[in-house]
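In what follows, a structure is listed as structure tokens, so that the remarks can point back to it.
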Amino acid sequence: GNPTDLTYQRYEKLYKGGFGFVDLEAITVTNESRARKTQLEIMPRNVKALTNFIAKLKEVNPNTLIVFQLTHSGEISESEFSRKVTVKPMYGIGGELLSEEEVDHIMDQFVEASKICRDVGADGIDLKFCHGYLGSQILRPYNDRDWKYGGPWERRRQFAYDLMERIRAAVPEKEFLI
């Protein structure tokens, strides 16, 4: 879950290239449900490695902004090594049905990851609500399940609103990008 030499090489190239904005993509907020075995993680155990990573990049170019794209893999988690979960099982994909309590816990993980991002020196976060990850699974019309974040668009979108509010309350600094 920590940055490897290849991770350093990739992002150092971007920093040396003079890019003004870099997005550290698809970093998971949980080890429990991952799409890739070697996926970057953002949890308390990764703080030291991520602090060193950001510090090294800022030495290369202190003017480049970096955000961490936070995600939870949900039903695209690889069941060989992690738990495949879903808000509504899709034929051929499957996954264990998440309860409202489990979704609240996942939101707590996003909040914790956001605080870690700030603490390690990142400039903000990007919430990955696309490409089949959990955020997009909740937002898509297929999620017609009768629950807090399912059914009509107003309830499905509420997940994003609630998550944003929780993160902003935990990380109130206006210069921290969300």
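The shortest side-chain heavy-atom distance between L40 and F68 does not fall under the 4.5 Å cut-off. When side chains are defined from C-beta on, Y11 does not count as touching K56, because their heavy atoms never get closer than 4.5 Å. The closest side-chain heavy-atom distance from P141 to R156 is below 4.5 Å. Counting only heavy atoms from C-beta outward, the side chains of L24 and Q69 never approach each other to under 4.5 Å. Under the 4.5 Å side-chain criterion, counting only non-hydrogen atoms from C-beta, E78 is not in contact with S73. Contact annotation: the side chain of T38 never approaches that of T4 to less than 4.5 Å [non-hydrogen atoms, C-beta and beyond]. A heavy-atom distance below 4.5 Å is not found between the side chains of T71 and L134.
Interatomic distance, CZ of R145 versus CG of L98, reported as 7.0 Å (0.5 Å rounding). Distance check, rounded to the nearest 0.5 Å: CD of Q158 to CH2 of W153 gives 10.5 Å. Here the CD atom belonging to E25 is positioned 4.0 Å from the CZ atom belonging to R10, to the nearest 0.5 angstrom. Here the OG-CD distance, from S114 to Q109, works out to 11.5 Å after rounding to the nearest 0.5 Å. From Q39, atom CD reaches atom OG1 of T28 across 5.0 Å, with rounding to the nearest 0.5 Å.
Across all their heavy atoms, C117 and F176 have their closest contact at CB-CZ, 3.9 Å. Closest approach of I54 and I66 over heavy atoms only: CD1-CG2, 3.8 Å. A pairwise comparison of heavy atoms in R118 and P172 identifies NH1-CD, 4.5 Å as the closest pair. Of all the heavy atoms in T30 and M43, the pair that sits closest is C-CE, 3.5 Å. Between S33 and V85 the shortest heavy-atom distance is OG-CG2, 4.1 Å. Between G132 and I76, the closest heavy-atom pair is O-CG2, 3.7 Å.
Remark: side-chain polar atoms of K58 are paired, donor with acceptor, to backbone N or O of T64 under 3.5 angstrom. In this structure, the side chain of R168 engages the main chain of E173 through a donor-acceptor pair within 3.5 Å. Of the possible donor and acceptor atoms, none in the side chain of R155 sits under 3.5 Å from a partner among the backbone N and O of P152. Side-chain atoms of Q137 come within 3.5 Å of backbone atoms of E75 as a donor-acceptor pair (strictly under, hydrogens ignored). Using a distance-only test at 3.5 Å, with no hydrogens or angles considered, a donor-acceptor pair links the side chain of N143 to the main chain of I138. The backbone N or O of S79 lies less than 3.5 Å from no partner atom in the side chain of S82, so there is not a single donor-acceptor pair.
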Report the C-alpha distance between D162 and K148 in whole Å, list the side-chain angles of each, state the deciding distance to 0.1 Å, and finish with yes or no for side chain to side chain contact (heavy atoms under 4.5 Å, CB included). CA-CA 11 Å; D162 290 353; K148 184 177 180 177; 4.3 Å; yes
Determine whether L70 and I27 satisfy the following criterion, side chain to side chain contact (heavy atoms under 4.5 Å, CB included), listing intermediate values before the conclusion. CA-CA 5 Å; L70 304 181; I27 185 167; 3.7 Å; yes
Going through the checks in order, is the side chain to side chain contact (heavy atoms under 4.5 Å, CB included) test met by N46 and I116? CA-CA 9 Å; N46 306 98; I116 293 169; over 6 Å; no
Start with the C-alpha distance between Y149 and V87, add both sets of side-chain angles, then the distance that settles side chain to side chain contact (heavy atoms under 4.5 Å, CB included), and finish with yes or no. CA-CA 9 Å; Y149 298 121; V87 295; over 6 Å; no
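Hydrophobic cluster membership for L177: F21, L65, V67 (Ile, Leu, Val, Met, Phe, Trp, Tyr linked by side-chain heavy atoms under 4.5 Å, directly or transitively). Residue M90 shares its hydrophobic cluster (ILVMFWY side chains chained together at separations under 4.5 Å) with I93, Y142.
Side-chain heavy atoms closer than 4.5 Å link hydrophobic residues (I, L, V, M, F, W, Y) into clusters, and following such links, even through other members, never connects L97 to M107. Following chains of ILVMFWY side-chain contacts shorter than 4.5 Å, one cannot reach L6 starting from I42, and the two form parts of different hydrophobic clusters.
For the side chain to side chain contact (heavy atoms under 4.5 Å, CB included) test with I178, the passing option among L163, I125, D126 is I125; the others fail.
A salt bridge does not link K37 to E80: none of the charged side-chain nitrogens sits closer than 4.0 Å to a carboxylate oxygen.
Residue Y161 qualifies as open at atom OH: its count of foreign heavy atoms under 6.0 Å is 12 or below.
Contacts classified as ring-ring contact (aromatic ring centres under 6.0 Å, His included) and involving residues 116-139 (residues at least two apart or in different chains) are given here: F129-F159.
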